[in-house]
Protein chains: 2
Amino acid sequence: MAPDSVREQELAVALLRRRGQRVTPVRRAVIEVLDQTTEHLAAEEIVLRVARTVPGAHRASIYRTLSSLSEIGILTHTHVAGAGAVYHLTATDRPGGEAHAHLQCTRCGRLLDIPVDALRGLARQLDRDLGFELEPEHAALMGVCADCRAASDRTG
Amino acid sequence: MAPDSVREQELAVALLRRRGQRVTPVRRAVIEVLDQTTEHLAAEEIVLRVARTVPGAHRASIYRTLSSLSEIGILTHTHVAGAGAVYHLTATDRPGGEAHAHLQCTRCGRLLDIPVDALRGLARQLDRDLGFELEPEHAALMGVCADCRAASDRTG
DNA sequence: CTGCTTGCAAAGTGTTTGCAGGCCC
DNA sequence: GGGCCTGCAAACACTTTGCAAGCAG
């Protein structure tokens, strides 16, 4: 495991403590699982992976953990069509961990990341016009990805 | 019922026929329910309202209808956090039926409409950079609404 | 020790599916 | 009449909840 990862996990753990939350094996495991990937994992997938290090860990505890960690801001979750919520560590300075927004293809369901900067203009506009504070990381924009467009061009 | 509504429904029915789909009481009822409101209705709410005109209508049939009508393009659905999908008639020229995108508040869950024009610039950018065709009506952007921001300003 | 967290089981919500019969066209 | 749609019931996927025991601090 890269030193960066260890540091990342410790930061998260420290944040937990600072918020008066307890550091338990389940919580450590959830953080570790999410720290070991840049993917967006569904709760069920996290359950599976946590089971590898904490065999007894129960589904419900993990859901509760995901919820607590999201509240504190350690995790970010996005609701995607057809798959419930997906989770990832809130972006920090770790490599590949830049803040990003999400695009989802309505045809193939694939999830794409885009830099939050792409939404900066829109965010400013919504704030100015409606007083709405956009949370770009939380955004899930739907549409048709390049591959699926190409496919339908061929089909007619 | 306004003449506009009647015409709107007939357009939908005609479109159904044109696509070789059958026009049944359940389908008529679903279209009628959605035509009588500008709200975004959850499937379950549609089930309730359809029951008023077609008492025997079954949940499953209505879900299947919602899915068929969405495929044809008569309906548009948006996935919202914590409430599954919400449906509305695809925007046409009817009053209050302009195409719109959706904002959802992460605090209070409220759904706000914004004109699709607000996303025009972003859509162009995504198309140019990624070949991604944004479907603005399908978009559900998350953030904090003005009311909730005001509330948290007060609370600290 | 105190009480936040966990494990367990069951219920809850939202949606889908297989099948036989019914109705639209 | 042929076959798309419907009603029914059960299954499904995802998540939440009440409770007693356990462990972190």
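None of the values given here were measured: they were computed from a predicted structure. Sequence lines set the chain letters: A, B, ... in the order given, protein chains first and strands last, and positions in each chain run from 1. What you see below is based on every heavy atom in this structure, not just the backbone, and it leaves out hydrogens, waters and symmetry mates.
The base of D/dG22 does not come close enough to the side chain of A/Arg22 for any donor and acceptor atom to sit less than 3.5 Å apart. Remark: the B/Arg59 side chain and the C/dG14 base include no donor-acceptor N/O pair separated by less than 3.5 Å.
A sub-4.0 Å separation between OP1 or OP2 of C/dT15 and a side-chain N or O of B/Tyr63 is present. Look at A/Ser61 and you'll find a side-chain N or O under 4.0 angstrom from OP1 or OP2 of C/dG7. The side chain of A/Thr24 contributes an N or O atom lying less than 4.0 Å from OP1 or OP2 of C/dT6. Within the structure, a side-chain polar atom (N or O) of B/Arg17 is placed less than 4.0 Å from OP1 or OP2 of C/dC25.
Along DNA chain C, the nucleotide nearest A/Ser68 and the nucleotide nearest B/His58 are compared for position; the residue whose nucleotide lies closer to the 5' end is A/Ser68.
Using modelled atom types, one finds a donor on one side chain and an acceptor on the other under 3.5 Å when comparing B/Arg27 with B/Gln21.
Using a 4.0 Å heavy-atom criterion, one finds that A/Gln21 contacts the sugar-phosphate atoms exclusively. Within the 4.0 angstrom heavy-atom criterion, only backbone atoms of the sugar-phosphate kind lie near B/Gly56; the bases stay farther away. B/Ala42 comes within 4.0 angstrom of no nucleic acid atom, judged by non-hydrogen atoms across all strands. Base engagement by B/Arg64 is indicated by at least one non-hydrogen atom pair under 4.0 Å involving a base atom.
Checked against a 6.0 Å centroid threshold, the rings of B/His102 and B/His138 do not count as neighbours.
Ionic pairing of A/Arg120 and A/Asp117 is present here: one or more N-O contacts between side-chain nitrogen and carboxylate oxygen are shorter than 4.0 angstrom.
Under a hydrophobic clustering in which Ile, Leu, Val, Met, Phe, Trp and Tyr are joined whenever their side-chain heavy atoms come within less than 4.5 Å, directly or via other members, B/Val30 and B/Val23 fall into the same cluster.
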